[in-house]
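Below, chain A is the first sequence line, B the second, and so on; all start at residue 1.
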Amino acid sequence: MENFYLEIKHICKQTGARYGILHTPHGDVEVPMFMPVGTLATVKTLSPEELKSIGTGVILANTYHLHLRPGEDIVARAGGIHKFMNYDGPILTDSGGFQVFSLMDKCKISEEGVTFRNHLDGSKLEFTPEKVIAIQEKIGADIIMSFDECMPYPVEYSYAKKSVERTLRWAKRGQVAQIRSDQALFGIVQGSDYEDLRKHSAIELSEMDFPGYSIGGTSIGEPKDVYVKMVQQSVAYLPSDKPRYLMGVGSIDFLLEGIAQGVDMFDCVLPTRIARHGALMTSVGRVNIRNAKYKDDFTPLDANCDCYTCQNYTKAYLRHLYISEETFGKRLLSLHNVRFLVSLMGKARQAIKEDRFGDFKTEVYRAFGSKKGF
RNA sequence: GGAGGAAUAGCGAAGUGGCCAAACGCAGCUGACUGUAAAUCAGUUCCCACAGGGUUCGGUGGUUCAAAUCCGCCUUCCUCCA
């Protein structure tokens, strides 16, 4: 793909973190970056204009969910997902592999693919690596994912090995099935916390020569040190000139550790979901806006934040909106959390360019102090 | 003036002799959330020295081994009749 490639500009001498530009058919974006999730072709509560104003580059959508509603044919007839949702920046679709994990009790996995009992009306549907690519081609995102199995953690070695091999075969099948040449198909590294499986998965995928590589199966409940190892053991065997995408990571510490390992892209529902539930990421730690102590707190959510919410509204007002279940409150809070992570990424990129990402990471942790969360 | 009905925790509302410190809903308080079945879920809300103890069900006096539940009186409220 000529119009999709990673241009690495700098590698941090302190950590190995990478700064670069990802070129996509819908524009260039700087990495490392955080990508908010818009499963149903909308980042819940936020408009494309708001996302732009926040500085969002790539956003996500989901193959499984869009297949169920409204169906990929509708998206295709709308002119593709960019037109359908009025977002002209780069878009990435996840394959539905994560739903194999999150809807596990409604799934049956075989060599051919996965049979789902779909969550909307309970009817059966089958996803195969080929079908998942066909759906994603109709949806029309810039970056698409191979169909994979995201295993739970922990998982027995024998199962993990079987699953990794199958996911590798699925990756190959998806690659063969791909018709469009203007979408970047990523392979997904799995292997749970088994080093040999991660290595094997990464090496085999690299040989298939994908335009980018995802790291899956992390941040599903494993301890932080295990997480870091999983990322390390995946990144180590991936080509250095291709983008690395760590799937489902959005907590501040996991993001920073991932960047330090040389990851370029991250996505997560965390900032938008917890915002809708009243939890906010701030430069001094977690804030639960519904806490009674904020009822007469007329200061901004985060004094160090440049987002629209922090520039214009007080905690007392945001708490009032949250308690009153006003949707505007959820918007303002989502806006803040996404901006917080986007902004954190910007600072991280700056630190990488200045070869002090390690120090930066320490500073961020220190600012959080002993406060728990994220 | 007469007849009937009702009073339960912050609010609404179950419970009509022991399994009741009292269902449930709301409101309040707290926590969780990581490739979105999530504008969701969980815990908690009489008091305390809290695997236990102490005071509760309009007030008061009884009956009973045992009362939010049965009886008398009182207070307040509601409906209907005059």
Under 3.5 Å, side-chain donor or acceptor atoms of residues 145-155 of chain A against the rest of the protein: list the pairs with distances, not counting sequence neighbours.
unit_1	atom_1	unit_2	atom_2	d
A/Ser146	OG	A/Phe186	O	2.8
A/Asp148	OD2	A/Gln190	NE2	2.7
A/Glu149	OE1	A/Tyr159	OH	3.3
A/Glu149	OE1	A/Ser163	OG	2.7
A/Glu149	OE1	A/Arg166	NH2	3.0
A/Glu149	OE2	A/Tyr159	OH	2.6

Original post:
Side-chain donor-acceptor pair under 3.5 Å between A/Gln14 and A/Asp359, yes or no?
Top reply: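 The answer is yes; a qualifying pair exists.
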**OP:** Flag the pair A/Arg349 and A/Glu30 as a salt bridge only when some basic side-chain nitrogen lies within less than 4.0 angstrom of an acidic carboxylate oxygen.
**Re:**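 Counted as a salt bridge, because a side-chain N and a carboxylate O are separated by less than 4.0 Å.
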With heavy atoms under 4.0 Å as the rule, sort [X] into base, sugar-phosphate or nothing.
X: A/Ile220; value: nothing
X: A/Thr272; value: base
X: A/Leu60; value: sugar-phosphate
X: A/Gly122; value: nothing

[X] vs [N]: side-chain N/O to OP1/OP2 distance below 4.0 Å:
X: A/Thr39; N: B/rU36; answer: yes
X: A/Arg276; N: B/rA32; answer: no
X: A/Ser102; N: B/rU36; answer: no
X: A/Asn62; N: B/rG35; answer: no
X: A/Arg117; N: B/rA37; answer: no

Can you check the [X] [atom1] to [N] [atom2] distance for me, whole Å?
X: A/Lys295; N: B/rC29; atom1: NZ; atom2: P; value: 8 Å
X: A/His277; N: B/rU40; atom1: NE2; atom2: C1'; value: 4 Å
X: A/His320; N: B/rG28; atom1: NE2; atom2: P; value: 12 Å
X: A/Leu341; N: B/rG35; atom1: CG; atom2: C1'; value: 15 Å

Subject >> base_contact_polar (B/rU34 base, A/Thr218 side chain, donor-acceptor, <3.5 Å) >> reply: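 Flag unset: no donor-acceptor pair detected.
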Subject >> Side-chain donor/acceptor of A/Asn288 to base of B/rG31, under 3.5 Å >> reply: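 Between B/rG31 and A/Asn288, which were checked side chain against base, a qualifying N/O pair under 3.5 Å is absent.
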For [N], which nucleotide is its Watson-Crick or G-U wobble mate, given both distances must be under 3.5 Å?
N: B/rA51; answer: none
N: B/rG10; answer: B/rC26
N: B/rU79; answer: B/rA3
N: B/rU16; answer: none
N: B/rA21; answer: none
N: B/rG72; answer: B/rU60
N: B/rU40; answer: B/rA32

Original post:
Are more than 12 heavy atoms from other residues, nucleotides or ligands located less than 6.0 Å from atom NZ of A/Lys353?
Top reply: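 Yes.
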Subject >> From B/rG31, B/rU34, B/rU36, nucleotide with atom closest to A/Gln99 side chain >> reply: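 Nearest nucleotide to the side chain: B/rU36.
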Subject >> Quiz item: cation-pi between A/Lys108 and A/Phe116, 6.0 Å / 45° >> reply: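 No; the conditions do not both hold, so A/Lys108 does not lie above the ring face of A/Phe116.
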Original post:
Under 30°, 30 to 60°, or over 60°: which ring-plane class applies to A/Phe210 and A/Tyr213, parallel, tilted or perpendicular?
Top reply: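 Judged by the thresholds at 30° and 60°, the geometry between A/Phe210 and A/Tyr213 is perpendicular.
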